[in-house]
Amino acid sequence: MQVYKLTQYVRKVCNVYEKSLPLHAVKTHKTDIMEYDFREIEQRWQKQWRDSGLYKVDNKSDKPKYYVLDMFPYPSGAGLHVGHPLGYIATDIYSRYMRLCGYNVLHPMGFDAYGLPAEQYAIQTGQHPEVTTEKNIARYKEQLGKIGFCYDWDREVRTCDPDYYKWTQWAFRKMFNSFYCNTSQKAQPITDLIRHFSEKGSADLDVAQSEELSFSAAEWNNMSEHEQQQVLMNYRLAYLADTKVNWCPALGTVLANDEVSEGLSVRGGHPVEQRVMRQWSLRVSAYAQRLLEGLDRIDWSESIKDTQRNWIGRSEGAEMQFKVAGKDLEFTIFTTRADTVFGVTFMVLAPESEYVSHVVTEDHRQEVDEYLAWVRRRTERERIADRKVTGVFTGSYAINPLTEKEIPIYISDYVLAGYGTGAIMAVPAHDSRDYAFARHFNLPIIPLIEGADVSEQSFDAKEGVMMNSGFLNGMQVKDAIAAMKQYITEHGIGKVKVNYRLRDAIFSRQRYWGEPFPVYYKDGMPYMIPEECLPLRLPEVDRFLPTETGEPPLGNAQLWAWDEKKQCVVESRKAKTENGVYPLELCTMPGFAGSSAYYLRYMDPHNDSALVGRQANDYWQQVDLYLGGSEHATGHLIYSRFWNKFLFDLGLVCKDEPYAKLINQGMIQGRSNFVYRYIGEGATGNLYVSFNLIDQPQYKDKVQAIHVDVNIVKNDVLDVNAFRNWMPEYKNAQFVYSDGTTDEDNPYIGMPSEKQYICGWAIEKMSKSMFNVVNPDDMVERYGADTLRLYEMFLGPLEMSKPWDTNGIDGVHRFLRKLWNMYENITEEEPSADELRSLHKLIKKVTWDIEHFSFNTSIPAFMIAQSELQKCSKRAVLEPLAILIAPYAPHLAEEMYHRCGHDTSVCDAQWPECIEAYLVEDTQKYPVQFNGKVRFTIEVPKDMSREEVEKTVMADPQTDKYLQGATPKKVIVVPGRIVNIVI
RNA sequence: GCCGCGAUGGUGGAAUCGGUAGACACGAAGGACUUAAAAUCCUUUGACCAGAAAUGGUUGUGUGGGUUCAAGUCCCACUCGCGGUACCA
């Protein structure tokens with residue numbers, strides 16, 4: 001008895017062990033059918049493709065071009081999980097399909113290799129970020145390589161490669177030397193502006209600028225070089241300015257708006273505070289209107305276009321001047337509700353507004369200073385979390401230009417310095433924020449729209465008939481806005497103005513691992529390193545932390561000064577001692593610098609005289625299909641469009657939009673599993689209750705859910721031994737199994753028994769901390785790349801988020817094996833009509849699916865065709881079938897195609913054409929409905945007329961049964977579809 | 001709050017033009033093969049009701065209305081979930 005149980009135990013342990021082995025390794029040998037040895041097949045073909053350069057792409061071809069791009073991955077230390085390749089598989093399918101359709105397809109891959117995580121890791125471990133980055137990239141490439149993508153690796157780019165960042169620096173230099181002309185609506189060389197200044201000063205100028213300056217030509221010409229440079233900074237597209245920035249103390253750097261979410265850094269979740277610092281910025285706002293208009297001409301999802309429209313935030317309104325009572329001072333506000341001027345009962349300035357110091361009266365100074373200090377102390381996060389009304393009276397009054405009444409001027413942080421003019425006219429009756437403020441400070445609220453009840457809340461809608469508004473009374477809101485705009489323009493009180501929410505991008509990072517700026521400082525004034533000296537290489541530092549004096553990490557570099565004469569980098573200390581040697585910029589560029597134009601570099605990756613050669617750019621034009629996550633909507637996808645438009649203005653690229661079509665893939669979520677630790681009375685912390693029991697009275701609310709590694713759970717059944725071995729704290733775990741028995745009822749502790757421990761589950765983000773990460777390598781190892789590719793697509797629609805559950809993968813693996821078995825003995829027989837119908841049905845379906853990016857629906861179509869053609873071994877069917885599946889399962893397809901007698905790659909075959917004639921069936925099935933309910937179906941000849949179908953149905957004996965003697969009111973026959981009899 | 005997306009069996013999902021809802025796959029149950037297990041194959045599988053069975057019926061796509069001969073699909077109102085964004089004047 002004992003002996004028997006022991007052998008049984010040994011066997012079961014072996015089985016558990018075998019489960020983790022590749023399928024083919026445990027398969028018994030079968031002699032009747034050939035084995036699907038996916039490992040051998042995949043490795044052989046991957047080598048063959050590599051050796052033959054099958055995926056090398058040429059910039060010259062008679063074929064039409066097609067450019068497919070995946071979003072630039074950041075090579076993280078964690079490697080890829082199964083969610084990452086989803087989009088890459090989709091684009092790979094599309095690329096292979098387009099190649100089969102006769103296109104010259106560019107499908108490159110590279111790495112966004114600069115970034116915070118590698119540097120944080122360097123700070124912690126002292127390892128150079130270059131070393132870890134190199135290692136991570138190698139790992140990524142290995143993982144990607146196993147999945148069988150058709151990337152042309154000769155075109156790989158890395159943002160941290162000097163040959164690459166040379167062009168990032170080069171573009172920055174160009175931006176520095178450009179300004180944006182509003183009249184021509186494009187970037188122009190700064191030399192044009194200098195000429196204008198020397199001829200006309202600031203007159204007749206309509207350009208993008210930080211602030212409005214006014215000077216004559218004479219004044220300009222009398223300025224020192226230093227002063228002129230200072231003025232020019234107001235117009236450059238890459239400019240240095242004191243800006244209110246998001247400072248993240250934990251990361252020791254400034255972050256862009258899109259890198260901050262709810263007051264925390266997106267990377268790492270550290271608190272962020274506001275600070276004023278001298279930073280490089282890119283004048284993205286100059287392009288706001290073009291970025292907005294461009295959206296109408298590109299094929300992107302409506303949701304991402306909407307996100308960008310909101311981010312750009314165009315609003316049409318008016319700027320108006322308000323005089324300050326008793327002072328020779330007026331200030332400007334921006335409003336979209338010019339119609340509400342008669343209801344303005346107070347004014348509000350942003351705490352940072354430059355007007356503040358001018359309007360504060362002596363007796364209010366202390367109170368105001370205290371308030372300003374308090375506002376400054378608050379972090380961004382506190383401000384968002386705590387929305388209570390705060391503010392302070394300045395002691396001054398403004399004069400309403402229409403009512404001539406005096407109204408108090410307040411300061412409050414609900415008015416933002418960075419938007420409009422940093423000052424507003426408050427209309428409490430029709431703006432909820434002004435309303436809350438007015439209520440708090442007991443300020444008057446004057447309703448301006450008939451029927452609006454403002455006793456409880458403001459009436460914010462832009463509709464209704466005006467009242468209490470002088471000459472506007474009786475007008476509709478829309479008309480009143482127009483009328484008021486005209487009035488203020490004519491009376492010189494203000495002007496019509498369009499405002500954008502989009503702000504300039506802060507471009508400096510106080511970090512090491514990024515592109516160095518090609519900039520040195522002469523008397524604090526920045527100068528560009530000559531173009532021919534690029535790239536300016538990232539120097540070595542001995543530590544990656546800020547210097548003792550608080551300078552960025554590059555301050556630690558020994559070799560980091562510019563010798564203007566020798567035109568080279570020299571020892572940092574010489575900047576203090578030698579003439580003609582100047583300090584170099586210590587900040588580096590942000591993450592989006594290197595990813596803004598990478599798609600252009602892929603077109604011509606080895607060109608050392610241009611970012612992209614004219615010919616290469618003319619050939620590839622722009623990205624035809626871009627696929628990636630929607631999280632880049634307000635970051636990369638705006639910057640990249642901006643960067644491209646700038647290069648377009650300079651005549652360096654031929655298209656003003658980089659990505660013609662954009663698809664956002666959904667996220668692959670994790671499916672987490674849980675065990676339930678008993679924490680009730682007498683708990684030892686060692687007892688785990690099966691999921692199906694946790695609602696029973698003795699366990700209810702007495703268990704604690706704990707994440708368990710999904711890799712030791714199958715179909716929600718826990719491998720209890722693997723669990724005990726998983727972590728030391730679970731070594732002595734005891735279980736209450738699904739049938740209520742415990743380990744004590746099962747004397748052989750440690751023996752896998754029939755008793756099952758059922759785990760709970762939840763759909764969560766795929767992450768290490770949830771123990772739900774599934775690795776693509778493991779999937780390739782166990783099932784093969786082709787199975788993984790198919791299963792990733794099979795999971796659901798590309799654009800939708802969906803959970804990963806490894807359990808379903810067996811189904812597609814079985815399908816591939818069955819498909820493979822059809823190719824054993826291929827014959828030259830003529831296919832039957834049925835076989836041709838199955839094949840051409842499939843051709844039609846798969847072609848439609850790929851063209852509509854509906855990859856998930858193709859897999860069932862293949863499965864159905866496989867089962868219909870199970871017995872077919874005819875080359876005339878099997879060969880096109882191999883081509884059809886080639887985009888999805890390239891290794892297997894290659895093998896099958898060669899078995900059909902070819903010695904060239906299936907990649908260069910021709911996509912089969914659907915011949916409609918084969919699809920035609922001679923009969924047609926009609927579901928017959930009575931009052932919309934299907935009762936039976938009839939089968940009639942295909943070409944039967946509507947009348948005859950009706951006659952046939954009415955003559956059918958089953959019809960009498962459902963009519964029950966009644967006469968039909970109406971019989972609807974939809975040819976080829978349905979019959980509905982209305983009684 | 002605002003904007004966008006979504007909701008279909010135990011699970012992932014299908015239904016592409018308003019025309020047989022639940023294809024395909026997983027899971028589950030039962031069976032065959034096997035000393036045994038794995039693998040493989042076969043059958044059943046939305047729910048409910050009737051029947052020994054064949055089968056027949058009712059109900060059913062987040063909720064409530066509507067349009068239509070016919071609605072998962074179109075219209076109106078709402079609920080919940082996910083993502084983005086937030087004093088943007």
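Convention: sequence-line order gives letters A, B, ...; per-chain numbering from 1.
Of the listed nucleotides (B:rC69, B:rA14, B:rC87), B:rA14 has the atom at the smallest distance from the side chain of A:Asn856. Considering only the side chain of A:Lys933, B:rU59 comes nearest among B:rU59, B:rU11, B:rA89. Distances from the side chain of A:Trp761 to the nucleotides B:rA89, B:rU40, B:rU11 place B:rU11 closest. Listed nucleotides B:rG12, B:rG57, B:rC3 differ in distance to A:Asp306; the shortest reach to its side chain belongs to B:rC3. The side chain of A:Arg935 lies closest to B:rU58 when the candidates are B:rU58, B:rU85, B:rC87.
Residue A:His852 contributes atom NE2, which lies 15 Å from atom P of B:rA14 at whole-angstrom precision. A straight line from NE2 of A:His430 to P of B:rA89 spans 17 Å, rounded to a whole angstrom. The CG-C1' distance, from A:Asn980 to B:rA71, rounds to 13 Å in whole Å. As rounded to whole Å, 14 Å separates atom P of B:rU40 from atom OH of A:Tyr36. Rounded to whole Å, the distance from CG on A:Leu502 to C1' on B:rA86 is 16 Å. When rounded to the nearest whole Å, the span between CD of A:Gln870 and C1' of B:rC42 equals 14 Å. Counting to the nearest Å, the C1' atom of B:rA38 and the CG atom of A:Asp719 are 15 Å from each other. Here the C1' atom of nucleotide B:rC87 and the CG atom of A:Asp413 are 9 Å apart, to the nearest Å.
For A:Asn499 and A:Ser315, the side-chain atoms include no donor-acceptor pair closer than 3.5 Å. In this structure, a donor-acceptor pair under 3.5 Å is absent between the side chains of A:Asn673 and A:Asn772. Side chains of A:Asp786 and A:Tyr888: no donor on one and acceptor on the other come within 3.5 Å. Under the 3.5 Å distance criterion, with hydrogens and angles disregarded, a donor-acceptor pair is assigned to the side chains of A:Gln289 and A:Arg314. A:Tyr926 and A:Glu939 share no donor-acceptor pair across their side chains, judged by distance under 3.5 Å alone. Side-chain contact of A:Glu319 with A:Thr332: a donor-acceptor pair under 3.5 Å is absent, judged by distance alone.
Heavy atoms of A:Ser315 sit under 4.0 angstrom from primed sugar atoms or phosphate atoms, though from no base atom. Nucleic acid contact for A:Arg503: base, since at least one base atom lies under 4.0 Å from a heavy atom of the residue. Residue-level contact check: A:Leu795 touches the backbone only, with heavy atoms under 4.0 Å from sugar-phosphate atoms and none from bases. Backbone-only contact: A:Tyr962 has heavy atoms under 4.0 Å from sugar-phosphate atoms and none from a base. Within 4.0 Å (heavy atoms only), A:Val974 reaches at least one base atom of the nucleic acid. Within 4.0 Å of A:Val928, counting heavy atoms only, lies no atom of the nucleic acid at all.
For B:rG22, there is no paired nucleotide, since no Watson-Crick or G-U wobble pair has both relevant distances below 3.5 Å. Across all strands shown, the partner of B:rA28 is B:rU44, judged by Watson-Crick or G-U wobble contacts whose two distances both fall under 3.5 Å. Look at B:rA50: its Watson-Crick or wobble partner, with both distances under 3.5 angstrom, is B:rU55. For B:rC78, the paired base is B:rG62 (Watson-Crick or G-U wobble, both distances below 3.5 Å). Partner assigned to B:rU34 is none, using Watson-Crick or G-U wobble distances below 3.5 angstrom. Across all strands shown, B:rG84 is found opposite B:rC2 as a Watson-Crick or G-U wobble partner, with both distances under 3.5 Å. Nucleotide B:rG72 forms no Watson-Crick or G-U wobble pair with any nucleotide shown, as no partner meets the under 3.5 Å limit on both distances.
Phosphate proximity of B:rG12 to A:Lys802: absent, as no side-chain N or O sits under 4.0 Å from OP1 or OP2. Close to B:rC87, at under 4.0 Å from its OP1 or OP2, lies no side-chain N or O of A:Tyr435. Contact annotation: A:Arg671 side-chain N/O to B:rG12 OP1/OP2 distance is not under 4.0 Å. Between A:Lys305 and B:rG4, a side-chain N or O to OP1/OP2 separation shorter than 4.0 Å is absent. A:Arg309 has no side-chain polar atom (N or O) that falls below the 4.0 Å cut-off from OP1 or OP2 of B:rG4.
Distance noted for atom C1' between B:rG84 and B:rU68: 38 Å (whole Å). Only the P atoms considered, B:rG60 is 14 Å distant from B:rG9, to the nearest whole Å. B:rU79 sits 24 Å from B:rG10 when the C1' atoms are compared, rounded to a whole Å. When the P atom is compared between B:rC80 and B:rC87, the two are found 25 Å apart, to the nearest whole Å. B:rA38 sits 44 Å from B:rG57 when the C1' atoms are compared, rounded to a whole Å. Comparing the same atom, C1', in B:rC3 and in B:rU11 gives a spacing of 32 Å after rounding to whole Å. Atom name P, nucleotides B:rA50 and B:rU44: the rounded distance is 23 Å, in whole Å. Taking the P atom of each, B:rG65 and B:rA53 are spaced 37 Å apart, rounded to whole Å.
Residue A:His813 is tested with A:Tyr791, A:Tyr783, A:Phe794 for a ring pair (Phe, Tyr, Trp, His ring centres under 6.0 Å); the sole match is A:Tyr783.
Between A:Asp716 and A:Arg671, at least one side-chain nitrogen of the basic residue sits less than 4.0 Å from a carboxylate oxygen of the acidic one, meeting the salt-bridge criterion. Here A:Glu921 does not pair with A:Lys841 in a salt bridge; the nearest charged N to carboxylate O distance is not below 4.0 Å. The pair A:Glu916-A:Lys844 meets the salt-bridge criterion, since a charged nitrogen lies less than 4.0 angstrom from a carboxylate oxygen.
The CG atom of A:Leu292 sits 15.0 Å away from the CH2 atom of A:Trp311 when rounded to the nearest 0.5 Å.
Syn is the conformation of B:rG9, whose glycosidic angle sits no further than 90° from 0. In textbook terms, a nucleotide whose glycosidic angle is within 90° of 0 is syn, while B:rC80, being further out, is anti.
The residue among A:Pro797 and A:Lys961 whose nearest nucleotide of RNA chain B is located toward the 5' end is A:Pro797.
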Atom pairs, N/O to N/O, protein against nucleotides 20-29 of chain B, distance under 3.5 Å?
unit_1 : atom_1 : unit_2   : atom_2 : d
B:rC26 : OP1    : A:Arg814 : NE     : 3.3
B:rC26 : OP1    : A:Arg814 : NH2    : 2.4

